[in-house]
Amino acid sequence: GSNSDSDSKEITIGAILPLTGPAADLGQHSKNGLDLYQDVVNKDGGITVDGNKKKVKIIYCDTQYQAAKAISCGRKLASQDHVTGMVTVTTTETLPLYSFNTKKGSEFVIVSSAATDKIVTSKNPYAARYWFNTKTYMPGEGKLLAKANKDNDLGIKKIAVLTSDDEFGTAWTDNFSKGTEVAGFPKAATATFQQGTTDLYPQLTPLISSGADLLAMPVTCDQAAQAVKQAKELGYDGRFMFMLACDADDLKSKVANPADIDGALFESGPWNSPESPDKTFREQYKAKFPDMPFDPSASTTYSQAAWIVEAIKEAGTTDVKKVRAAMPKALKKSANTVGLTDMQKNGETTGVVHLRLVKPDGSYQEIE
Amino acid sequence: MGQITQTFANGIMLGSIYSIVAVGLALVFGVMDIPQFAFGAHAMIGAYITWLIADASGSYWIAVVVAVIALGFLGVLTQVAIFDPLRKAPPATMFIAAFGLVMVLQGFASVIWGADARRVTSAASGSFTFFGASITYQRLIIVIVSAALFIAMFVFLKRTRTGISIRAAAESAVGATVVGLRPRAISLLAMSIGSALAGLAGALLAPVSQVTPTMGDSLSIKAFVVIILAGMGSIGGAIVGGLVLGLVEAFGSGYISLDWRDGFAVFVLIAILALRPEGLFGKETKAWR
Amino acid sequence: MTDVLTVRGLTRHFGGVRAVDDVSFTVAEGEIFGIIGPNGAGKSTLFSLIAGSDRASTGTVEAFGRRIDGLTPFRRSRLGLGRTFQNSQIFGESSIADNLVIAGIAHERRLGKRTVKDQAAIVLKLVGLSDDGSRQTMSLPLFDQQRLSIAMALMGAPSILLLDEPSGGLVEQEVVALGRLLDEIRDTGVTVVVIDHKMRLMTTLCDRILAMATGEVLFEGAPEEVVNDPGVRTAYLGTKEDR
Amino acid sequence: MALASEVTKPSRGSRRTPTAGQLVLGAVAVLLMLMPVILLSDYYMQIATLVLIYTGLMVALNVCIGYAGLVSVAHGGIFGVGSYATGILMANHGWNFWYTLPAAALAGALLGLIMGILTLRLQGHYFVIASLGFGLLVYLVVLNWSSVTGGAQGLGPIAPYDSLFGITFEDSDSQYYLILAFAFVFTGLMFAIRRSKLGSRLEAIRQNQRLASAVGIDPSRTRLVALVVSAAIAGVAGSLYSPYVGFLDPSVSNLDVSFKIALALVIAGVGTGLGPLVGAAVYIVLPEMLRGVEQYSLIALGVVLLVVVRFAPHGLVGTASDLYDRLIAAGHRPPPDPSPPDQESPGDLSRTGALSGGKR
Amino acid sequence: MILSAEDVYGGYGTRRVLHGISIQVDAGQCVAVVGANGVGKSTLLRSIAGQVPLLSGRVMLDGEDVSGQASSKLVRKGLVLCPEGRHLFSGLTVRENLIMGVTPLKVNAADTEFRIAAAAEMFPVIRERARQAAGTLSGGEQQMVAIARALVARPRVMILDEPTLGLSPIMTDTVIAAIQQIVADGTAVLLAEQNVRASLAISDFGYVIEGGRVVVSGTGADLLDDAAVVAAYLGIEAEIAAPE
Ligand SMILES: Nc1ncnc2c1ncn2[C@@H]1O[C@H](COP(=O)(O)OP(=O)(O)OP(=O)(O)O)[C@@H](O)[C@H]1O
Ligand SMILES: Nc1ncnc2c1ncn2[C@@H]1O[C@H](COP(=O)(O)OP(=O)(O)OP(=O)(O)O)[C@@H](O)[C@H]1O
Ligand SMILES: [Mg+2]
Ligand SMILES: [Mg+2]
């Protein structure tokens, strides 16, 4: 419970991330975003709550990609650090948090970027999703893909999906395959890999042999780069498609031969429109971490923390119930780098997603 | 057709990678009976060194050489600091110590280099197609190196006096000292060769895979499976063991189930241990008595 | 006298080496039966086949009125077959008393009313080990080690005792004491089969001696006959008169 | 006849003055019972409870490694199976926790039996590797049999412990005491095994299998029994875990757990009475202490292990009790004389007397 | 004098076994150390050969102080130990075991073959079982390989610890004869043997050890006549031989 310490000088927000272990790269990038946000929000001495200026402090807790650790993180952050809210990313191991953040005296808001609906269907009054609901936008995306295929002569006949075997990958893949099937494509071939796998030949060989000419990958930027390289080695000459986690510019900097992703499709939306908050975010990020490759998960966590803090500002208190009630309003004011809209009662959010085609000359074409 | 030949090629390439780590392990575990579980982590360190040096010098091959030498030194260090003091400890203690070493090396790598994947560009980029299978030159190099290493190791251990000395020192430390050998120096040598080979595996693997702190995790287990598949003392058998394992994995995950990719190695392992514990090519060895 | 141990046509090959080759013999109850032969004659291998730690290629072993080949070593031990090894084997991390108790736990049924501790006391006294049962065994003198391993073999109140070179490394005086001990053990009703190279011990101790060479039976008979057999002399004893 | 009374106990234990050992155990037990009064935060109570749950697993491992000499890296997997047995039966089939407990024990025992049969002939390194493979296999089953286990998505929520004889286990204190009771039972069971004939047989096989077999001990059966018992204990420990955390994912059963519990037990002291508790504390508390500097936790655990293995080969508990023994020994026979009593002192050698000693 | 130990103290860790032993071996001599089990014969030989550290005292080889030098050095200087318990390389073939006997000495291939052939003359088992793993040989066969392994190093001083342990009578004779041959060929031999009579019979000089000290010494023949020695070590023979 954060009510008890409203007189303390700091507002604490927990971040439960896989900082070490097989998903450590995701965890570390997510942490960078939060570090950056902490700097930004505290630049002018923090925010005003209960009439006092307070600094925001983000407290990290490593899950090592294990549920048991995530649970003890939850207990620690709630009972030791009395956080008002917690940020979690799109990995399974943080799901058990939803079973005890409602415990009397240790309530906290959770903002997660999980892809499955577990959070929003758990009837947890303090949970919110800072992510796109794949179930709702995928039918539309399937149609967009069919349209682009026809209009731009992409020549896509068969789709294959390569994904990591965690909840995000499986949720995206499920909904994407359904969406494309409805849009008239044959059932997609899929293959999964475990976090930490670097040799994707066993996955790619059957996918390529299936005759697929679009290889869709809801994976991190590093994994995408590796998959592109190995698919090309195996003689794949079809198109690639990538989802939100990676932008074309980011990916180009990671693949040895940028021409490999010419003609690729990216899930796109407000975040890469010219005047998006994401652009500011990137500039700040480059300034703070000049040697670090940019990864979109940093911008997501940045916005998640911003959302909680904005809600606290809005509510003017750290009382969890009030903070949660202020969240729909706060979403519009917060950094919101990926342009989410419409927070519903159950914590669900939605947003606009479309496709972007990378032209051979390197320019982009939006497909809306 | 394309999928079958490609799967076959994948299996051979994968098996060769296992084999290279297994060569070092065959020496250190198969011959000296030291369960060096950290060779996977050694390979990972080797890959990072390759990345560092290739970045700095611009030459992949220089980086490979440096990585091999550096890992040789790491082997000496490991032997002096960990395994040598445990000579007389029960075998389990060595195993556990090796686990500890894995953790230290992995922790070390993630503290120093972080979790981001590093990429190394191969000196021999490009690929060719062979019976419908696409094979990159880098992977071809791995296949050739692993075969060459096995022949070299076989000759070394069976024909050269240094090689026989390593086997002798492993058999009986007292026996070795009375004939005037220095068993501790010999085990240093053997361990540094083993580690250097693990480093070589890492260096060759770096352009193929990505370089991350956990990249070596499965290598250790696979290498142990290869050694057991082949039979402890059997150096020559190990190349076949590596290839068999690679093929089983490639075809298993290609045609049975991807999810069980690591499971196939385990099935092979358990089948071998239950049915023919001396391995495919091993004679019955002292470990069974 | 009844036969307690019968070996028929026992054979064990290791690759090309015929370690034991068609060996047959019979040991009578209460006998001390000696086995001699050059190094590598197959004596220890023969023991392994009888005790079950090795499997014969062909041939049978009968004891306790039944075939025992095919049984595991521990089953044979529980039936009443005790043995020692050429290099005496003990539980080096345990005290003498613990060694004996461990050696006895599998035999409670055989011991009947006697407890394992009773048996340990009896056996300790018999072999003449000091009664400081808590002594650690790692650095025991050789003779004590030898006696301890015999004592352990006796913990199951065996009816047959196989001893592989019990005099190995002992000085003459200890050999004499060992001879006396084996006699006493026989007097308690145990049939003893012993392998040894100390001919003076063997000739004074044994009722009959089997001589082996290159896996085969060379000669079997009373000690004087064996010692004077020309074949045994050339293969094993040498020509020196004092043996 | 001075057949020591503790003859049935393995010798390491027999060197310890029993009253001191009992005293320490008693003190620890009292301390454990007072924990909820001492630890006032939810978080600390959770750590303490987890330590006790893992004490059960460590007991299982101690029987396996310490008594049977079989270094198993499958126990994380067996623990996982126990916890999934309870988790699945409770979450998917609505079972009462107390009925799932025997099911989890059975599942663990069955696993131990299979592993035992497959690895009967293996020793030393071979057993370690085989058990490693076995543990990996269990993990892969949990991960990939998603229709039952929920796969990578995890399994949950799992309800808290059901009440028993009218006692409910809803708040953290009562949960703690429930687990503490189990920890006492596990530890008692462990001592009982050590004193039993099974314990002596295991000791014999561990020291010299050939000899053990020659004195009538059946090595295969003894090992099998030990593995089954150990695996059943691990299964029960796993079963206790599920309702406590309320959610399972495959990481409860992965190799990492198996490795780290083995490391922790070695650090604490294999084969010792307090080893499991201390080991569980090392496994659970050390990483919590390193919160915030997690990237160093791997290094820390590894380095601690290497240092302990090198300088205190009997582990923390074993070494402490060795030190204590030495102190007692020093107190009992002044002046300290490190040479064993059967050593002849050079002074009393007369030519004839000395020569008469073929045996001493 | 080619080898001497002067006032040697030694033992294992805190355990003292040797309490000021002095012995010497002249070139071309065979010298025996006798004594009951556990008096420290092996410890003495091991201390001389650099297998067990000296606590104090000196070991001189050919006028050079070699106290505390490692076996690897001593072997190159011509002092080789054939240890109690054989310590063969059991997984290596008999031939490889013998090759190891010359490896630290940088002997060329032809000479190695020659030396192995010479050893096989003395012990035919070496030729017959050249490719068999040494660990699978019988106890006695292993003993012969162990002696041969020391022999191929062509040492100036050869230290033999219980070389006839476990050997058949005929083989014991063979080995005793071989030792005589080795001595006749000019190698000094230091011998510890439980077969007291045989060893004293072929020795030029003998030392009787008790409690880590030399208690009697003399020529082999003198010691064989010494009533106390006979009583202590030659039990049966003493009983049988007494009337003569
Ligand atoms: N595992 C094995 N592989 C190959 N040969 C073996 C094996 N075990 C024993 N032998 C051979 O079998 C023969 C008989 O050996 P065994 O140990 O029975 O001899 P022994 O009569 O006991 O000799 P000793 O008196 O020297 O102990 C020897 O030639 C030995 O080399
Ligand atoms: N490695 C060791 N560690 C500790 N004590 C030892 C060791 N080796 C031998 N001893 C002890 O040292 C003493 C002398 O042993 P040593 O082997 O030198 O005697 P020995 O005269 O050769 O006897 P044997 O006739 O049995 O060969 C014995 O009491 C023995 O127990
Ligand atoms: Mg024998
Ligand atoms: Mg000796």
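Protein chains get the first letters and strands the later ones, always in sequence-line order, with residue 1 at the start of each. These numbers come from the heavy atoms of this one structure, side chains and all, not from hydrogens, waters or symmetry mates.
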Shortest non-hydrogen contact from [X] toward [Y]:
{"X": "C/Thr234", "Y": "E/Ile170", "answer": "O-CD1, 3.1 Å"}
{"X": "E/Ser168", "Y": "C/Gly37", "answer": "CB-O, 4.2 Å"}
{"X": "C/Val17", "Y": "E/Arg129", "answer": "CG1-NH2, 3.8 Å"}

E/Glu141 versus chain C, heavy atoms under 4.5 Å apart: side chain, backbone, both or neither? both

Report which part of E/Glu84 has an atom under 4.5 Å of a heavy atom belonging to chain C: side chain, backbone, both, or neither. neither

Rounded to the nearest 0.5 Å, what's the gap from OH on C/Tyr236 to CE on E/Met171? Could you check? 12.5 Å

Spacing of CZ belonging to E/Arg86 relative to CG belonging to C/Asn87, to within rounding of 0.5 Å: 6.5 Å

Given heavy-atom pairs under 4.5 angstrom as the criterion, report whether the side chain, backbone, both or neither of [X] touches chain E.
{"X": "C/Leu170", "result": "both"}
{"X": "C/Lys198", "result": "side chain"}
{"X": "C/Ala235", "result": "backbone"}

Do E/Leu167 and C/Asn39 have side chains that approach each other closer than 4.5 Å (heavy atoms only, starting at C-beta)? yes

Is any side-chain heavy atom of E/Pro169 closer than 4.5 Å to one of C/His197? yes

Salt bridge (Lys or Arg N to Asp or Glu O under 4.0 Å) pairs, two or more places apart, involving residues 206-215 of chain C: C/Glu31-C/Arg208, C/Arg186-C/Asp207, C/Arg208-C/Glu220

Mind checking what makes salt bridge (charged side-chain N to carboxylate O under 4.0 Å, His left out) contact with E/Asp204, not counting sequence neighbours? none

